[in-house]
Each structure stands twice: as structure tokens, then as C-alpha cells.
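Step one of this worksheet: look at the structure below.
Any value given below was found using the heavy atoms of this structure, including those in side chains, with hydrogens, waters and symmetry copies removed. One-based numbering along the sequence shown.
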Amino acid sequence: MVAASAAAAGTALSLQGSITVEGNQRIEADTIRSYFHAAPDRRFDEAARDAALKGLVATGLFDKVSIERVGERLAVHVTEAPVLDRVAFEGNRKVKDADLAAAIESRPRGSLQRASVQADVGRILEAYRHVGRDDVRVTPEIIDRGNGRVDLVYGITEGVKTPVRQINFTGNHVFGQRQLSAVIKTSATNMLSFLTGADAYDPDRIAQDQEQLRLFYRGKGYADASVPSARAEYDPTAKGFAVTFVIEEGSLYHFGDVSVVCNVPGLAPERLRGLPLAHTGAVFDGNALDKSSENLAVELARLGYPFAQAAPRVTRVAAAQRIDVAFVIDQGPRTYVERIEIHGNARTRDYVIRREFDIAEGDAYNKTLIDRAERRLKSLNYFKTVKISNRPGSAPDRVVLDVEAVDESTGDFNISGGYSTTDGALVQVKASDRNFHGTGNNVQASVTYGQYARGIDLTASEPYFLGTKVSAGIELFGRQTDVTSYQSYNSTSYGGTFQIGTPITEQLGVQWRYSVYNQDITLGATNSGLPPSLAIQQAAAYGPAWVSSIGSTTTYSTLDDAKNPTSGIKSQLSQDLAGLGGDVKFLRTAEDVRYYQSLSSDVGGLVRAQGGYITGWGGQQVPLMNSFFGGPTMVRGFATNGFGPRDLTPGTTMDNVGGSMYWATTAELQSGIPGVPNEYGLRASAFVDAGSVFGYSGANTVGGTALQVANKNVIRSSVGVGLTWASPFGSLTASYAVSVTKAAYDVVQPFGFTAGGF
């Protein structure tokens with residue numbers, strides 16, 4: 001309660017009159033008097049007294065303030081607000097104390113402000129809405145501790161979870177329910193929601209989903225598409241929300257004329273025309289416009305024009321469903337970045353955020369590069385939300401960047417089990433953190449124990465090694481396999497790999513590596529009771545060997561989504577040279593190209609081609625463990641080590657002895673399953689595989705006995721169907737394939753199954 005009175009309001013009080021203060025205990029009287037400022041005639045008139053009253057009330061330090069005139073004096077009566085000893089929360093289980101404390105304004109050792117307490121109740125309710133709980137009651141309680149000190153306790157009754165029960169899309173004709181559901185983060189309640197939490201009703205998440213849908217359409221050629229609203233209606237019967245996204249698709253556009261117009265004196269546009277990624281005749285892609293603007297901005301800064309700005313000027317030709325784009329280069333205002341202020345990141349270090357910027361304090365302000373930094377920060381997957389805004393600096397040509405980045409949990413701990421037709425039953429324990437201690441480093445440790453295989457793997461990576469844009473990583477591993485029906489020997493390998501990654505463009509990068517590991521083959525009791533093939537006996541007799549190799553992998557990718565791609569190309573060329581130290585010498589090259597294409601709203605196509613070659617050098621043969629072995633990873637429907645050069649010497653286990661060359665190709669259709677909600681993560685596929693492994697390069701005789709190696713380049717092919725479940729524990733895949741062509745000695749296995757987070 002705040003009250004005030006001023007007697008004889010129409011008469012000004014002389015500055016000579018004294019000001020007395022009553023009721024203050026902790027706050028100095030002179031501090032209170034400092035709020036009184038005389039008018040120009042050196043008298044305290046009504047306006048001066050009113051200003052003092054408002055100033056004292058605004059401090060929040062007082063429950064009550066009154067001013068009255070007593071003769072030639074002003075008497076100020078105050079009742080100080082209690083001091084908060086403690087601010088606590090009771091009854092909260094779904095939202096942590098730290099998160100609630102960050103949401104409210106009341107703080108320990110601050111003054112109790114009753115208006116703020118009521119506002120804090122609303123902030124607590126909002127925090128619960130973000131975790132999908134709308135049926136929450138908050139009751140603040142003030143506990144008097146004496147001597148003007150109190151405790152503030154918020155009693156919370158959390159109630160039941162308020163989930164999203166149904167998601168609808170209206171106005172969509174080009175893309176179906178399944179495809180649009182895959183774009184957004186919010187999902188309807190299903191049997192796995194308790195693991196994913198994606199069914200929580202969160203207004204902020206739904207707003208982000210609106211933007212993701214718009215960007216999805218913009219990247220698929222629908223430049224005019226918009227998502228004007230997302231209605232959330234509570235259904236008392238279902239005890240949850242039904243969310244409806246209203247979509248206006250517009251028309252499909254293609255790129256028309258694409259040009260660069262330069263209005264900067266002295267800069268020739270010919271130097272920039274090869275940078276835009278938009279091409280005449282291609283389907284319109286808003287992402288290509290953004291990346292083209294970024295490429296131009298970076299090149300302009302490199303050429304010495306840091307204030308120049310590249311903005312796409314879009315001209316729609318509606319009748320032809322064409323968009324002409326002119327990237328206009330203008331000299332922007334000479335504005336500099338005064339400061340970059342970062343907040344919201346309770347865990348992530350500031351330098352992790354700053355290194356995603358191509359500009360720093362003192363550099364020229366460039367909106368294109370700032371937008372690029374915001375997209376980079378969002379793609380790190382370290383933060384719940386990221387927003388970059390700016391405000392005026394200390395001078396007209398200065399601007400302050402305000403970066404709000406709210407951390408999210410980045411650590412994972414999994415214990416998972418599974419079964420595969422290759423490795424049998426498996427159990428894996430894995431712990432990882434993609435933002436270790438807020439440094440941006442990724443660390444992971446996993447231990448696998450299975451029926452036929454065991455292993456341990458430790459990895460750590462730094463995306464900005466030594467402060468540069470070069471990534472670095474290290475891996476230490478140990479693996480062991482036992483005799484199975486697919487191989488007649490035990491194998492052991494252990495060692496490590498150090499990697500350096502160098503980005504060249506947004507789509508192209510090279511990873512360099514050095515590996516050193518020990519590999520060994522030992523013999524054991526075979527399932528058939530027959531002795532292993534002579535080539536296997538020779539490899540075991542050779543004993544353990546150290547492999548020291550350097551290599552590189554060049555990756556080019558235009559995929560729309562790295563985890564679940566629906567369009568784009570990914571090509572990987574890998575090369576390894578062993579023999580710089582160690583016991584073996586070989587050169588290995590492998591290529592893997594995948595092309596994804598969306599064929600309809602819920603059907604996607606994949607075409608894949610792969611091949612490789614390995615050869616020894618310095619007079620050495622390629623070790624058995626480094627050769628290529630044909631199996632279900634190349635052509636489904638065949639067993640592990642099921643095809644390729646095979647030792648058919650009678651009286652042995654007739655093992656696959658590996659080849660020096662391979663090729664394989666795949667054509668596959670992927671689709672959702674009618675009647676099964678997309679949130680369940682089930683996808684069906686139909687495929688055709690073909691490939692071969694050939695070119696045995698090992699010894700033809702062992703101990704004077706000639707090997708009978710079948711080594712023809714026979715085409716192996718199969719047709720089949722598959723089912724994949726993107727479960728919270730990892731991808732589970734089952735397939736059934738029938739071989740169409742094969743060699744007489746190949747081993748088929750129509751049913752294939754892998755499960756668990758491996």
C-alpha cells in the first residue's frame with residue numbers, strides 16, 4: 001500500500017525549510033532527501049513534492065510513503081519493505097528450482113515487492129506451459145522472520161500434463177500430413193511420448209514450428225507460402241490440445257534470370273557472378289538465396305568492401321510462375337559493431353558463441369553475416385532458443401548486438417540392448433555430451449558387449465581447433481569378434497585415429513586423418529569342425545601387425561537434412577595410404593554417392609552407387625583384414641561375408657577370403673505406412689540392390705598346396721522390402737530380400753535385422 005498527502009498544496013515551501021524523515025531503519029535519511037529537487041526558484045512546489053513521491057515509490061524499497069507539510073518543514077513518513085531472506089519453491093517436480101528462479105524477478109536480499117510477487121506467479125505458470133502443463137496452481141506465502149526480514153515461498157500444485165493430442169494442417173495440397181509432421185518439432189501424444197517429450201504443449205515451440213513450415217515451403221519452390229496462424233484449442237474430453245496449422249501454399253516457382261548488379265564504384269560485377277547458388281530454370285529455393293547472399297557478403301569483405309551489402313531483388317512473373325533474381329550490391333551505411341553482448345547462456349561459454357560470428361567488435365556492421373551467425377548458432381543444437389537483435393550504440397555510427405542464447409541439455413546416457421543377424425545379441429552402454437562443460441567439445445564413451453562381438457570406443461572432438469575453423473578429433477578403440485557361422489576365425493584390433501577437418505565451402509569439406517592400430521587373426525574351433533581355409537591359416541600364422549596410415553575423406557553434400565534427408569546429393573571420396581611405419585603397406589580408395597529425391601508428399605527415392613579398390617605396394621600383399629568382403633551392407637539378401645572371392649579347397653570351411661575391388665548400387669523407394677502416425681517413426685521401403693566383390697590378391701599356394709579360389713566378377717542382385725523404426729534407442733531395421741542373381745558358392749540370408757543404438 002502506498003499513500004501520500006501534501007498540505008497546503010498550492011503554497012511552495014522554501015528551500016530553507018528542513019526535510020525530516022520518519023520510519024526509516026535501513027535506508028539513510030539523506031538517501032531519501034536526495035529524491036527532493038527544488039524548482040528553479042529554489043522552492044519545493046507541488047511538482048517537486050510529487051516527483052519525489054513517485055521516485056521513492058519507484059525504488060520498490062518502501063511499502064508506504066507519505067509527505068506532509070508541517071509549518072516550514074516537510075515530513076516524510078516511510079514504511080520500509082521487508083528484505084527477502086530466502087526465495088523458495090515447494091511442490092515442483094517437473095521444473096527445476098534453478099529454472100524457476102531464473103524466470104522470476106524476486107531475489108534473495110532484495111526487497112519484497114508485492115506487485116512483483118503477483119507478476120512472478122504468472123511467470124511461473126508460463127514456465128510450466130513450456131513443459132506442457134497448463135493445470136498448475138501457484139500460491140505465494142510470505143513468512144515473517146522478524147527484524148524486517150521475510151521468506152517468500154511459492155507453493156506449486158503441478159496438476160497433470162497437458163499434452164498435444166492432435167495436430168492438423170489446413171490449406172495444404174502439395175505436401176501431406178506425414179511430410180509436414182516431419183518438419184515440425186511438436187508431435188501428438190503416442191506410446192513413446194514419455195521418452196521424447198515432443199507432445200508437450202509449448203507456445204514458443206509451436207511458433208517456431210510455424211516458421212519451420214514456412215521455410216520448408218520456401219525451400220521447395222513455394223516463395224509465397226505462409227503459415228498465418230497456429231490455433232491451439234483445449235479439448236476437455238481429450239484433456240489436451242488440438243493444434244491446427246493454417247497454411248497458404250501459393251504457386252510453385254522456378255528461377256528465371258539470375259544476375260548480379262553492382263552499384264559500388266570500382267567493383268566489377270564479373271568478379272561476383274559465379275558466386276550465387278541460384279540457377280536459371282531450377283526450382284526456386286529460398287535457402288539458395290540466403291546462401292548466395294552470404295557468399296557475396298564474405299567475398300565483398302575479402303575484396304575490401306566491408307560496408308557493401310548484397311540483397312536479392314526478387315521479381316515475380318506470376319503468369320510464367322518464374323522468379324527473376326538480381327543480387328544488388330550497394331554501399332551500405334558506415335556502421336560499426338561497438339559490442340556483442342551475450343546473455344541467457346548459463347552453461348555455454350561466451351567464446352563458443354562468439355566464434356560463430358564472422359565479425360567482431362570494431363568490424364563493419366553487416367546484417368547478412370549476422371543472420372548467418374544466428375543460423376549457425378541454431379544449428380549447433382546447444383540452445384533452446386537463439387535470437388540476435390541490435391540497438392543503437394554510443395554514437396550514430398555504432399550498433400550493439402544483443403545475443404540471447406538459452407541453453408538446453410546436451411548430455412546423454414543410454415543403456416540399450418539389441419540383436420543383429422551379424423553380431424547376435426548385444427548390450428551397449430553409452431555416455432556422451434555434445435557441449436562438454438559448455439566448451440562446444442563433443443565427447444563420447446561407449447562399451448559394447450555381445451554374443452560374438454565386444455568393443456570399447458572413446459571419442460573427443462573440437463570444432464574450432466586452436467581457435468581456427470579447423471575441426472580436430474581423436475578416437476581410441478578396441479574391438480574383438482569371435483568365430484561365427486560367417487567367419488572361421490577370431491579377430492582383434494585396437495588403436496587410435498587423429499582427425500583434422502578443413503571446410504572449403506558450405507557444401508564441401510575435407511577430413512584428414514592419421515591412424516595407427518594393431519590387428520590380429522587367431523584360430524578357434526569352427527562351427528563345422530573343419531579346419532579354416534588355407535588363406536585364413538596363413539593370415540593367422542602371420543601374427544599381429546601394426547597398421548600406420550594417413551588418409552583423407554572429401555565430402556560434398558547438398559542434403560536438406562543430414563539425419564533424415566529427402567532431397568540432395570552426398571558424395572564421399574576416401575583414400576588411405578598405409579606404410580608410413582607399421583608392418584603393412586597398401587593404398588585404398590573408396591567412393592560412395594547417394595542421391596535423394598522427394599517423389600510425392602510422403603514418398604522419397606534413393607539412388608546409391610559405391611565402389612572401391614585396394615592394392616599393396618612395396619612388394620607386399622593386402623592383409624586379409626583390410627580386404628573387401630561382400631555382404632548385406634552392399635547387397636541385401638546375402639549373409640555377412642556371403643559373396644566375393646571364396647576358397648573352395650575341399651576339406652576346409654571354404655571361407656570368403658576377400659577381394660581388392662568392389663562395386664554396388666541401390667535403387668530404393670521409402671514411404672510412411674498408411675494408418676500409422678508419422679510420430680511413430682515407422683518407414684517402409686522397397687529396393688533393388690546389385691553389386692560384386694572380386695580381385696583376390698592373396699597367395700595362390702600355401703605350404704605347397706594350391707588354393708582353389710573362385711574369383712569371378714559375378715553380379716549379385718536382389719529385390720526386397722524393409723521396415724525401419726526411428727526409435728528413441730536408435731534405428732531398428734528389418735528387411736527381407738530375395739537374391740535374383742548370384743554365384744553357386746554364395747551364401748544367402750533373406751532376412752536381415754539390426755536393433756539397438758549401434
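Within the cation-pi definition used here (under 6.0 Å to the ring centroid, within 45° of the axis), R479 qualifies as a partner of F477.
Side-chain contact of S446 with D457: a donor-acceptor pair under 3.5 Å is absent, judged by distance alone. With no hydrogens or angles considered, no side-chain donor-acceptor pair links N435 and T410 at under 3.5 Å. Inspection of the D520 and T492 side chains reveals no N or O donor paired with an N or O acceptor under 3.5 Å. Using modelled atom types and a 3.5 Å distance limit, the side chains of Q480 and R454 yield a donor-acceptor pair. Of the N and O atoms on the side chains of Q572 and T554, not one donor lies less than 3.5 Å from an acceptor on the other residue. Judged purely by distance below 3.5 Å, without hydrogens or angles, the side chains of T566 and S598 never pair a donor atom with an acceptor atom. Residues Y464 and E462 have side chains that never bring a donor and an acceptor to within less than 3.5 angstrom of each other. Judged purely by distance below 3.5 Å, without hydrogens or angles, the side chains of T526 and Y489 never pair a donor atom with an acceptor atom.
A salt bridge is absent between E668 and R594: the closest approach of a Lys/Arg side-chain nitrogen to an acidic carboxylate oxygen does not fall below 4.0 angstrom. The pair K220-D560 meets the salt-bridge criterion, since a charged nitrogen lies less than 4.0 angstrom from a carboxylate oxygen. Under 4.0 Å is where a charged nitrogen must lie from a carboxylate oxygen, and between K430 and D412 no such pair does. The pair D746-R716 meets the salt-bridge criterion, since a charged nitrogen lies less than 4.0 angstrom from a carboxylate oxygen.
A side-chain donor-acceptor contact under 3.5 Å links N490 to the backbone of V483.
Shown here is Y514, whose OH atom has more than 12 heavy atoms of other residues, nucleotides or ligands within 6.0 Å. When the shell of 6.0 Å around CD1 of I715 is examined, it contains 12 or fewer heavy atoms from other residues, nucleotides or ligands.
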(request) Give the C-alpha distance, both sets of side-chain angles, the deciding distance and a yes or no for salt bridge (charged side-chain N to carboxylate O under 4.0 Å, His left out) between R646 and D655. (result) CA-CA 6 Å; R646 188 173 295 276; D655 291 277; over 6 Å; no
(request) Take V747 and F638 through the test side chain to side chain contact (heavy atoms under 4.5 Å, CB included) and record every step on the way to the result. (result) CA-CA 6 Å; V747 181; F638 288 81; over 6 Å; no
(request) Evaluate the criterion side chain to side chain contact (heavy atoms under 4.5 Å, CB included) for residue pair T733 and L723; output intermediate values, then yes/no. (result) CA-CA 6 Å; T733 302; L723 181 66; over 6 Å; no
(request) Would you please test R513 and S549 for side chain to side chain donor-acceptor pair (under 3.5 Å) and show each step? (result) CA-CA 8 Å; R513 61 181 168 273; S549 69; over 6 Å; no
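A tilted orientation is assigned to the rings of F255 and F284, their planes being inclined by 30° to 60°.
Taking the centre of each ring, Y736 and F751 stay at or above the 6.0 Å mark. Residues W512 and F465 keep their aromatic ring centres 6.0 Å or farther apart. Taking the six-membered ring wherever Trp is involved, the centroid distance between the rings of Y452 and Y486 does not fall below 6.0 Å.
Of all the heavy atoms in S292 and A288, the pair that sits closest is OG-O, 2.6 Å.
You'll find the side chain of P565 stays beyond 4.5 Å of the side chain of Q597, heavy atoms only. The shortest distance between side-chain heavy atoms of V719 and F687 does not fall below 4.5 Å.
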